[in-house]
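Notes follow once the structure below has been shown.
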2 protein chains.
Amino acid sequence: MAARAGSGTVVAGRSTKDAIRDAAVQLFSTKGFEQSSLREVADAVGITKASLYYHYASKVDLLIAIIEPMFDDHRALVEKLDEIPHSPQSVREVLTEHVHSMLSHRTIGVLCMRDTVAIVNALGNRYPDMMEMHRRMCQWLAGPGADEETTLRAAAAMQVLGAALMSKESVPDASEELIERVLLDAALSVLEPAR
Amino acid sequence: MAARAGSGTVVAGRSTKDAIRDAAVQLFSTKGFEQSSLREVADAVGITKASLYYHYASKVDLLIAIIEPMFDDHRALVEKLDEIPHSPQSVREVLTEHVHSMLSHRTIGVLCMRDTVAIVNALGNRYPDMMEMHRRMCQWLAGPGADEETTLRAAAAMQVLGAALMSKESVPDASEELIERVLLDAALSVLEPAR
DNA sequence: GTCTATATACCGATAGAC
DNA sequence: GTCTATCGGTATATAGAC
């Protein structure tokens, strides 16, 4: 597939399939998954809806292509947790890995954070463990036998790391190193009880 | 179904209009605003879609009836900020008022947090300042002339307070007093640079 | 206030020509 | 790979009887 002139907008080196995914990320992030029609995605790419279906079998398949890499990273981390003993050091390591993983998926961050219901609705059947993963992460973070305050602090710490997914909006020019350092420190301080 | 004097039919002390709103909150929170049809809302109440339109002029009007109280509280706080000088004490007071306000709207918390894009899309024209309010709050919290780290810490602190809106999921049985105390302390610790 | 019935529009998805 | 054309379904919203 080479670059084309006229109404075609395919850039050399980037396949139509990738262009569709990128346009969909942009659209889904601003308008939401359900609020965006495949006709709008196709228009943004410069093709028709029928052509889009040549590359993706369904709207959900397109969403999966967008979400799956981040989802796989998150699952890989969560499934390790059972074998990691809960200690101040391991907490720091797990949080570091998590915030690092989130930063590497920043482009789809807003989509994940602000359109969660639609995504869960669309992918809930395909990934039944989707909801449980966040819960397991919070639970491990709180530690065994955690009381209500500790559980709440763990949930709040996860919220802090969620700020990484929206850092393109809040601090667009900040380096990943700064974001990782600051959010890790912030999350750790949330986990500590009042001084 | 006992009719009462004046306008409005009352079922067990609750008007049909209120019943519609409550059913919509429940449905929108679990399925999302756009994924929920007015037919589903009407079915949950036990009326038809056409009857629902007698009480609410449109789907967006129904959403407004749900969201507006929280939105008004938030705006009232944000519009005071210009006159509040930035000090450790005023930061604590503003955060306290904000988390208190959020806790009082916990029933629509999940809807606001997990379906933001759909809500902004539906109400964006009606409330143009919706997006800006969060930004102004973050900016005030960071203080005048804030650098990137401080700005990021302010955004993360706001994320922590957002945990209040999902506390029904994370710590269903916790008291409002506990949640308010813990999240306020957590948010304040996020704002402080590394020790 | 609630109903039945319907207008109108757009959606996801498919068929088949080129 | 991309197109035109269309199917079947469902959505919001309305009209008018009771």
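Chain identifiers are assigned alphabetically (A, B, ...) following the order of the sequence lines, protein sequences preceding nucleic acid strands; residue numbering begins at 1 within each chain. Atoms considered below: every heavy atom in the structure, side chains included; atoms not considered: hydrogens, waters and symmetry mates.
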Between the protein and nucleotides 11-13 of chain C, list every N/O to N/O distance that falls short of 3.5 Å.
from	atom 1	to	atom 2	distance (Å)
dC11(C)	OP1	S37(A)	OG	3.2
dG12(C)	OP1	K59(A)	NZ	2.9
dG12(C)	OP2	L38(A)	N	3.0
dG12(C)	N7	K49(A)	NZ	3.0
dA13(C)	OP2	Y53(A)	OH	2.7
dA13(C)	OP2	K59(A)	N	2.8
dA13(C)	O5'	Y53(A)	OH	3.2
dA13(C)	N6	K49(A)	NZ	3.1

Should T48(B) be listed as having a side-chain N or O under 4.0 Å from OP1 or OP2 of dT2(C)?
no
Short side-chain N/O contact from S51(B) to OP1 or OP2 of dT4(C), under 4.0 Å
no
Polar side-chain atom of E40(A) near backbone of S37(A) as donor-acceptor pair, under 3.5 Å:
yes
What residues form a ring-ring contact (aromatic ring centres under 6.0 Å, His included) with Y56(B), not counting sequence neighbours?
none
Protein-nucleic acid N or O pairs under 3.5 Å, nucleotides 16-18 of chain D:
none

[atom1] of [X] versus [atom2] of [N]: gap in Å, rounded?
X	N	atom1	atom2	value
Y54(B)	dA15(D)	OH	C1'	16 Å
D43(B)	dT2(C)	CG	P	14 Å
L52(B)	dC3(C)	CG	C1'	14 Å

Taking only residues two or more places apart in sequence or in another chain, which ones pass salt bridge (charged side-chain N to carboxylate O under 4.0 Å, His left out) with E93(B)?
none
Do any side-chain atoms of residues 48-55 of chain A form donor-acceptor pairs under 3.5 angstrom with protein atoms, and if so which ones, sequence neighbours left out?
from	atom 1	to	atom 2	distance (Å)
T48(A)	OG1	S51(A)	N	3.4
T48(A)	OG1	S51(A)	OG	3.3

Give a yes or no on whether a salt bridge exists between E192(A) and R153(A), defined as a side-chain N under 4.0 angstrom from a carboxylate O.
no
Is a salt bridge present between R126(A) and D61(A), judged by a nitrogen-to-oxygen distance below 4.0 Å?
yes
Using side-chain contact (heavy atoms from CB on, under 4.5 Å) as the criterion, list what pairs up with V117(A), not counting sequence neighbours.
N121(A), R114(B), D115(B)
Check: H74(B) ring centre within less than 6.0 Å of H98(B) ring centre:
yes
